[in-house]
Every structure is written in C-alpha cells, then in structure tokens.
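Reading through the structure tokens given below for one structure.
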Amino acid sequence: RSEESPLRLRINRNPAAVVLKRAMRILGAHKRSILFVALAALAACAGPSASSKRTLGQMLADRDYAQARAYVLSQKDSGYGPENTVLYDLDLALILHYEGRYQESNKSLAAAEDRMDELYTKSISRETGALLANENVREYAGEKFERALAHVFHALNYVFLNQPEEALVEARRVEAFLLEVNRTAR
C-alpha cells in the first residue's frame, strides 16, 4: 500500500473536510467536476463579452492566475459593469483561490454571497419591471449552483488556511443549502 501524503491525511482527519466531502456527494461532484463547473460558470454567464470570456478562459487553462486576476481586475467597470458585481466577485474569488490567496478569495466570496442575498430579497415590482422591459436590466444575482460553489470554495479556503472550525461552518452551509434546493425542487 502506498503511503498517503501528509496533506491527504490532514484533510481526511479534518471534520470540516469530512462534512465537505458529504456535501460534495450531495452535489454529486468530485473535485475535478467542481473545477469544471466553476470554469464553465466563468465562461457561460452574462457579463463580459465572448472574446473576454475566451481570453480569461485561456489564462485559466494555462494556469496563469496572476495574469487572469489582473485581467479580471481591469475588466471590473468596462467588462462586468455594475449589473454584474456578483459575477465579478465570483470570478475573482475563484482565481484568488487557485492562486493560493485564500483570505482574499474569502473576501470576494463573502462580497458575492452578500450581494446574492440582497438580490434574492429584491422587491416583486422591480422584478416585474425588468421582465416587462428587458432581462438585461436586472442585476445578475447568481445561479443556485454558483451559490453552492461559493460555499464549497469558502470551505476549501478555510481548510487550506488550517481553520477547520470555519471550514466546518461553510461545509454545513453548503449542505443546508443543497438540502433546501432539493426540498423545494420537489
């Protein structure tokens, strides 16, 4: 039997990682699948132009995270605009995570989650107005899978920061969120 790496042993013994693994099973995804979904989310959402998405996607595929971060930061106003702050924060958080800048990633994730919560509780009249006019008038509030992935990446950041209690909180949040999504989908 091959010897396990110290990181794998630390993660396997971490209660937050155990709950996170269970939440990922509920999501029906493995680590590679989460990366694929996250990268697909970067490429598929409204916001920056198609060529901008391709440029960013290539930087991510090349694992040039510093350049990708600089590119996203440069596109905040012109590429994303005020109607896509959630998407901007999610894109930046994912890049920061893969760059190993976990604290900064958590700040961007928290900003995205806060904004998604604000937009979720938006008034009916404002939604109706957007539906009657143009769907692009509405600010992007994020998809359910993006909310789940925000919790997953938040938990992973805490695991890598060796903060198991915080990771456990995030793992429980994603589990609760996915159970609620599953319950309301029936």
Side-chain angles (χ1 to χ4, degrees), residues 27 29 31-123 126-127 129-131 133-161 163 166-167 169-171 173-174 177-178 181:
L27 187 61
K31 289 180 184 175
R32 287 187 197 128
S33 299
I34 289 174
L35 175 60
F36 174 77
V37 170
L39 291 175
L42 284 173
C45 295
S49 69
S51 68
S52 179
K53 290 176 191 178
R54 277 192 302 275
T55 300
L56 181 58
Q58 188 59 54
M59 290 175 198
L60 293 172
D62 292 342
R63 296 181 179 185
D64 191 352
Y65 303 124
Q67 186 179 359
R69 179 175 35 86
Y71 185 75
V72 167
L73 290 170
S74 75
Q75 295 293 307
K76 182 177 182 176
D77 296 323
S78 62
Y80 290 89
E83 67 282 353
N84 289 301
T85 57
V86 168
L87 182 59
Y88 169 80
D89 286 329
L90 289 173
D91 285 355
L92 185 58
L94 182 67
I95 293 165
L96 289 166
H97 170 84
Y98 284 110
E99 206 174 0
R101 299 169 78 158
Y102 305 118
Q103 289 284 17
E104 292 171 77
S105 176
N106 279 344
K107 288 179 185 174
S108 288
L109 286 168
E113 289 171 347
D114 289 347
R115 190 66 188 138
M116 283 188 269
D117 289 343
E118 287 175 32
L119 293 171
Y120 182 75
T121 58
K122 236 196 292 194
S123 74
R126 189 164 172 201
E127 281 294 306
L131 288 174
N134 180 351
E135 191 167 302
N136 291 331
V137 171
R138 289 188 299 174
E139 188 171 342
Y140 182 71
E143 300 289 335
K144 289 178 183 175
F145 76 90
E146 290 169 319
R147 288 174 160 268
L149 284 172
H151 292 303
V152 169
F153 277 95
H154 225 135
L156 288 171
N157 286 342
Y158 284 128
V159 167
F160 289 123
L161 289 168
Q163 297 177 354
E166 289 83 357
V169 168
E170 285 300 325
R173 287 178 73 193
V174 71
F177 176 76
L178 291 172
V181 167

Query raised in the report: Does the distance from a Lys or Arg side-chain N to an Asp or Glu carboxylate O, for K107 and E104, drop under 4.0 Å?
Result: no
Report task. Indicate the ring-plane relationship of Y88 and Y80, choosing parallel, tilted or perpendicular according to the 30° and 60° boundaries. Result -> perpendicular
Requested in this report: Taking the side chain as every heavy atom from C-beta outward, state whether V174 and L149 have any atom pair closer than 4.5 Å.
Outcome: no
Acceptor/donor pairs from residues 61-71 side chains to any protein atom, 3.5 angstrom cut, sequence neighbours excluded:
from	atom 1	to	atom 2	distance (Å)
D62	OD1	Q58	NE2	2.9
D62	OD2	Q58	NE2	3.3
D64	OD1	Q67	N	3.3
R69	NE	E99	OE1	2.7
R69	NE	E99	OE2	3.3
R69	NH2	E99	OE2	2.8
Y71	OH	S52	OG	3.0

Report summary line: CG of N106 to CD of E166, rounded to nearest 0.5 Å, is 9.5 Å
Query raised in the report: Is it true that K53 and D91 have a side-chain N and a carboxylate O under 4.0 angstrom from each other?
Result: no
Query - Trace of the side chain to side chain contact (heavy atoms under 4.5 Å, CB included) decision for K76 with V72 - result: CA-CA 6 Å; K76 182 177 182 176; V72 167; over 6 Å; no
Query raised in the report: Any idea which heavy atoms bring S108 and L92 closest together, and the distance?
Result: OG-CD2, 3.6 Å
**Report entry** Flag side-chain contact, heavy atom, 4.5 Å: Y158 against F153
**Finding:** no
Query raised in the report: How far apart are the closest heavy atoms of A155 and A167, and which atoms are they?
Result: O-CB, 3.6 Å
Report summary line: For E143 and E146 the tightest heavy-atom approach is N-OE1, 2.6 Å
Report task. Tell me, please, which residues at least two apart from S105 pass side chain to side chain contact (heavy atoms under 4.5 Å, CB included). Result -> A93, L96, H97, L109, N157
Query raised in the report: Is R173 close to V169 at the side-chain level, that is, under 4.5 Å between some pair of heavy atoms?
Result: yes
Query raised in the report: Any side-chain heavy atom of M116 within less than 4.5 Å of one from L90?
Result: yes
Requested in this report: Answer yes or no: is there a side-chain heavy-atom contact under 4.5 Å between V86 and E118?
Outcome: no
